[in-house]
Amino acid sequence: MQPLNEQQVIANLRQRDDASDRYYAAWWIGKMRSQHPEAVPLLLDTLSALNDDPVDEDDRGVALNAIRALGLLLNPAAHDPLMQLLGSKDYSVREEAARSLGAMKTKEAIPQLCQLLSGGPAAAGREQVGASTLKEPCEALLEALGNIGVNNPDVVAVITPFSAHPRPLVRAAACRALLQLMKEQRWANELEQLLQHPEPLVRRGVLLDLGASGWTAALPAIEDASVEASLKLVALRGLAEQSDDIKVLDVMDRLL
Amino acid sequence: MTASDLQKAVLALDRATMTSELVKATQTLCGLRNLEAAPTLIKVLGFNNPAVGAVATQGLIALGRDVVPTLLVSLDVGNYGARAWVIRAIATLRDPRGLDLLEHALKADIAPSVRRSATRGLAEMELEGPSFFRDFSRCCEALFKAAADDEWIVRYAAAFGLEQRFCQNSTDTGLRMQAIAHLEQLSSTSEAVKVVQQRAKLALQRLQAE
């Protein structure tokens, strides 16, 4: 298969006949960080389908990819539309919108993110009968607050109870956010302890959290973790991009 | 007749089912430091069990370059996991007999981690003898291709690799100029991933400081 060029991808996103072409186009635009002037308007257009009742499954898939792409393109035009999606009835839409707002560091989203987490582990973090998800996408919401990076007592008070959530990955998301906001070693210690968890899936998640925290003191823990090298490299990318520390690059070189 | 240590170890491996038993049996097999254990260790790489695969790969690497011919003929092209481990072992051994394989893996393998390992191998392979210049140029051309890979980690490995290839060798100024040009591209804003830019800048600093 020939790789698509940008012009073709934009045309694929605009057309309405082939949902899989649109789905792939929305993903491609984010992955390639397309700077095409029509990219953001076309991505935003896909979101209106989320207001239909019922929502078309194909359109929903395209919109979810568009939300992720908007989080990669970091265009301010997406702030308001994404904040509106935090009020969606659709769990996955709230989850992806939170992630993208976190990536865009949208400060205006903080009150809504805190609102969704209100009530702590017993409410927002409650297990749902017959579903694998919690009431709210807590990991994405906590990570978003950490990424946006406004350290104030209200935000910290909302996040802290989740550091005792029964699910290890929710605990990790809370510790990561607190480490990003408060820059205190104790939260890194919590994460390094979670990195010893017997479940590989938990270790992988925690490793990425440590990388995203930008906490360079965690470098030896990341290097020694019992997780595959590919994932360590992803975690270290986060650390390197935030810290500008050559020591991180040296460790990455050893893991190639 | 008593079974040899090798036969005993292979038997223990055949009987193992749990990951912990497989790891232990693989460790025993590695501990023999016996070239005849290599085919069994290569078979273990295909079990699709990362913990066991890592142990077996270390064991194969510990056997040294004598194991390279066995690795080259026994590559299971259909098994992604096994392929990745074999490429990794050959890259780590830095044996020039792996040049064809690594070159092909970088060009054709769909798994980014395999292309990453192949790139590192092409960066660190110890070239020698009458084909030195031809092989050096093949490694460089492959690294130039890696610098244009779709995956950031392969481009990162290319930046690392170009630094390795040219930090001691300045015999071919044409290739060196191309390498610098590729690194400048990777360190510029046309590169979307910041850590790739960071690594390429570091490579340029180190190469130009000489």
Side-chain angles (χ1 to χ4, degrees), chain A residues 1-6 9 27-36 39 69 71-74 103 198-201 203-204 207 211-212 214 216 219 222 224-256, chain B residues 19-20 23 49-51 53-55 57 80-81 84-85 87-88 91-92 110-124 143 146 148-164 167 189-203 205-206:
Chain A
M1 194 177 80
Q2 274 294 312
L4 291 172
N5 66 42
E6 191 171 47
V9 170
W27 170 83
W28 189 98
I29 286 172
K31 164 96 177 158
M32 297 301 174
R33 312 290 196 281
S34 166
Q35 292 300 313
H36 195 285
L72 293 166
L73 296 183
L74 309 178
E199 271 301 313
L201 204 67
R203 294 201 300 274
R204 291 190 189 117
L207 190 81
T216 337
L219 189 57
I222 294 178
D224 296 340
S226 68
V227 175
E228 56 270 40
S230 305
L231 213 74
K232 288 186 191 180
L233 287 163
V234 174
L236 291 170
R237 172 185 168 183
L239 214 55
E241 292 188 347
Q242 291 181 65
S243 68
D244 269 319
D245 190 334
I246 289 177
K247 279 204 304 271
V248 184
L249 301 181
D250 288 340
V251 175
M252 289 181 73
D253 290 354
R254 287 203 288 276
L255 289 168
L256 287 174
Chain B
T19 292
S20 56
V23 167
N49 183 323
V55 173
T57 303
Y80 150 69
W85 289 119
I87 298 284
R88 205 169 166 74
T92 306
I110 54 162
S113 66
V114 172
R115 299 204 302 281
R116 176 194 91 214
S117 292
T119 304
R120 188 192 55 139
L122 290 161
E124 296 185 325
L143 291 171
D149 198 279
D150 278 350
E151 283 296 326
W152 71 271
I153 192 59
V154 181
R155 299 197 299 279
Y156 181 100
F160 162 82
L162 290 171
E163 179 190 315
Q164 298 307 304
C167 62
T189 49
S190 67
E191 165 57 53
V193 174
K194 187 177 167 193
V195 75
V196 177
Q197 289 181 17
Q198 289 173 310
R199 188 64 188 83
K201 271 183 204 148
L202 182 64
Q205 273 170 24
R206 288 176 176 167

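Every chain is numbered from 1, with letters handed out A, B, ... down the list of sequences.
When all heavy atoms of B:Phe160 and A:Asp253 are compared, the pair lying nearest together is CD1-CG, 3.4 Å.
The structure places OH of B:Tyr156 at 4.5 Å from CG of A:Leu249, a figure rounded to the nearest 0.5 Å.
Only the side chain of A:Ile246 comes within contact range of chain B, judged by heavy atoms closer than 4.5 Å. Interface residue A:Leu255: only backbone heavy atoms are found under 4.5 Å from chain B. Only the side chain of B:Glu151 comes within contact range of chain A, with at least one heavy atom under 4.5 Å from a heavy atom of that chain. With a 4.5 angstrom heavy-atom cutoff, A:Val248 does not touch chain B via any of its atoms. Residue B:Arg199 touches chain A through both its backbone and its side chain, counting heavy-atom pairs closer than 4.5 Å.
In terms of non-hydrogen atom pairs under 4.5 Å with chain B, the most contact-rich of A:Met252, A:Arg33, A:Lys31 is A:Met252. Counting heavy-atom pairs closer than 4.5 Å to chain A, the top residue among B:Gln197, B:Arg120, B:Arg116, B:Arg88 is B:Arg116.
Put simply, the side chain of A:Glu228 never gets that close to the backbone of B:Pro50: no donor and acceptor are under 3.5 Å apart.
Looking only at side-chain heavy atoms (C-beta outward), B:Lys194 and A:Asp244 come within less than 4.5 Å of each other.
With A:Arg237 as reference, B:Val195 is the one residue of B:Ile153, B:Val196, B:Val195 to meet the side-chain contact (heavy atoms from CB on, under 4.5 Å) rule.
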